K.L.:
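Let me begin by handing over the structure; questions about it come next.
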Amino acid sequence: MSTTQSERLRELLEPLVTSQGLDLEEIAVDSVGRKRVLRVVVDSDTGADLDAIADVSRALSAKLDETNAMGDAAYDLEVGTPGAERLLTEHRHFVRATDRLVRFQLTEGGELVARIVKVDDEGVDVEVPGVKGRKATARRLGFPEIARARVQVEFNRKDSAGTAGEKNMKEEEEA
């Protein structure tokens, strides 16, 4: 049996989020002044558009009202997606960040900023950008070597054709 309110809410809401084709990434209950705020973060391999967020928000709201899981006190429900600079904590997060620039904090100390090229069950293949005209270099990081990883925002990324990457601009607009 769950002990915290967040764990109980996760047990209640995760099947509903999953039935909508999304992953429940995070759930938190915060106090903001005299109000409580229930923040639910959802995502999927293909991203979550505004329609999907609205649908899951309505479904979660109905379920919360039906079960009275938040009690009688007023609260606000906020449903959204992870931010542009999301922390990568699950294998699926690394997969979704393929082709993105990531800042890695290494368990042995130090930091590395590199682009994720490929992800498998043991770790990630990355491309470390070249500095001062040098070519990029390939590197392998096993998951045990990674203490923390966070996606970095890129505004001026060039794609392989040498033009501004439309994919990244679109991702920034959606974030």
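Treat the numbers as computed from the prediction; the structure is a model and nothing was measured.
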K.L.:
Give a yes or no answer on whether the side chain of S61 reaches the backbone of S57 with a donor-acceptor pair at less than 3.5 Å.
P.N.:
no
K.L.:
Show me the donor-acceptor pairs within less than 3.5 Å that the side chains of residues 138-150 make with the rest of the protein, sequence neighbours left out.
P.N.:
unit_1: R140; atom_1: NH1; unit_2: D120; atom_2: OD2; d: 3.2
unit_1: R140; atom_1: NH1; unit_2: D125; atom_2: OD1; d: 3.1
unit_1: R140; atom_1: NH2; unit_2: D120; atom_2: OD1; d: 2.8
unit_1: R140; atom_1: NH2; unit_2: D120; atom_2: OD2; d: 3.1
unit_1: E145; atom_1: OE2; unit_2: G142; atom_2: N; d: 2.8
unit_1: R150; atom_1: NH1; unit_2: E85; atom_2: O; d: 2.9

K.L.:
What are the two closest heavy atoms between V42 and L24, and how far apart are they?
P.N.:
CG1-CD1, 4.4 Å
K.L.:
Taking only residues two or more places apart in sequence or in another chain, which ones pass side-chain contact (heavy atoms from CB on, under 4.5 Å) with R39?
P.N.:
D30, V32, V37, E78
K.L.:
Give the C-alpha distance, both sets of side-chain angles, the deciding distance and a yes or no for side-chain contact (heavy atoms from CB on, under 4.5 Å) between T4 and E7.
P.N.:
CA-CA 5 Å; T4 69; E7 289 172 341; 3.1 Å; yes
K.L.:
Can you tell me which residue pairs pass the salt bridge (Lys or Arg N to Asp or Glu O under 4.0 Å) test with a partner in residues 44-53, sequence neighbours excluded?
P.N.:
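Residue pairs passing salt bridge (Lys or Arg N to Asp or Glu O under 4.0 Å), neighbours aside: D45-R96.
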K.L.:
Evaluate side-chain contact (heavy atoms from CB on, under 4.5 Å) for H91 paired with V119, printing each intermediate quantity in order.
P.N.:
CA-CA 8 Å; H91 183 270; V119 180; 3.7 Å; yes
K.L.:
Say you draw a straight line from NE2 of H93 to OG1 of T98; how long is it, rounded to the nearest 0.5 Å?
P.N.:
13.0 Å
K.L.:
Indicate the atoms forming the closest heavy-atom contact of S6 with V29, along with that distance.
P.N.:
OG-N, 4.1 Å
K.L.:
Please answer: with hydrophobic residues joined when any side-chain heavy atoms are less than 4.5 Å apart, are V153 and L87 in the same cluster?
P.N.:
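Shared cluster, no.
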K.L.:
Which heavy atom in L12 sits nearest to a heavy atom in A69, and how many Å separate them?
P.N.:
CD2-CB, 3.6 Å
K.L.:
I need the minimum non-hydrogen distance between P82 and V41, along with the two atoms involved.
P.N.:
N-CG1, 3.5 Å
K.L.:
Is the shortest side-chain heavy-atom distance between E25 and R86 below 4.5 Å?
P.N.:
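Yes, at least one pair of side-chain atoms sits under 4.5 Å.
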K.L.:
Decide yes or no on side-chain contact (heavy atoms from CB on, under 4.5 Å) for E26 and V40, but give the supporting numbers first.
P.N.:
CA-CA 6 Å; E26 187 179 325; V40 178; over 6 Å; no
K.L.:
Could you pull out all residues at least two apart from R10 that satisfy salt bridge (Lys or Arg N to Asp or Glu O under 4.0 Å)?
P.N.:
E14
K.L.:
Stepwise, does the side-chain contact (heavy atoms from CB on, under 4.5 Å) test hold for D23 with T18?
P.N.:
CA-CA 6 Å; D23 296 318; T18 303; 5.7 Å; no
K.L.:
Drop me the distance from E66's CD to L64's CG, to the nearest 0.5 angstrom.
P.N.:
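If I round to the nearest 0.5 Å, the distance is 9.5 Å.
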K.L.:
Which of these, I116, V126, V113, sits in a side-chain contact (heavy atoms from CB on, under 4.5 Å) with L101?
P.N.:
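By the side-chain contact (heavy atoms from CB on, under 4.5 Å) criterion, L101 pairs with just one of I116, V126, V113: V113.
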K.L.:
Taking only residues two or more places apart in sequence or in another chain, which ones pass side-chain contact (heavy atoms from CB on, under 4.5 Å) with T137?
P.N.:
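Listed in chain order: V128.
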K.L.:
Are any of the side-chain nitrogens in R115 or E154 under 4.0 Å away from the carboxylate oxygens of its partner?
P.N.:
yes
K.L.:
Given the rule that I, L, V, M, F, W and Y join up when any side-chain heavy atoms are under 4.5 Å apart, are I53 and L16 in one cluster?
P.N.:
yes
K.L.:
Please name the pair of heavy atoms, one in P129 and one in A114, separated by the smallest distance, quoted to 0.1 Å.
P.N.:
CD-CA, 4.1 Å
K.L.:
Rounded to the nearest 0.5 Å, how far does CZ of R100 lie from CG of L88?
P.N.:
9.5 Å
K.L.:
Before accepting this row, confirm whether a basic side-chain N of the pair R92/D43 lies closer than 4.0 Å to the acidic partner's carboxylate O.
P.N.:
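No.
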K.L.:
I'd like a table of donor-acceptor pairs (distance under 3.5 Å, sequence neighbours excluded) in which one partner is a side-chain atom from residues 70-77, with atom names and distances.
P.N.:
unit_1: D72; atom_1: OD1; unit_2: N68; atom_2: ND2; d: 3.4

K.L.:
If I compare all heavy atoms of V151 with all of A97, which pair ends up nearest, and what's the gap?
P.N.:
CG2-CB, 4.0 Å
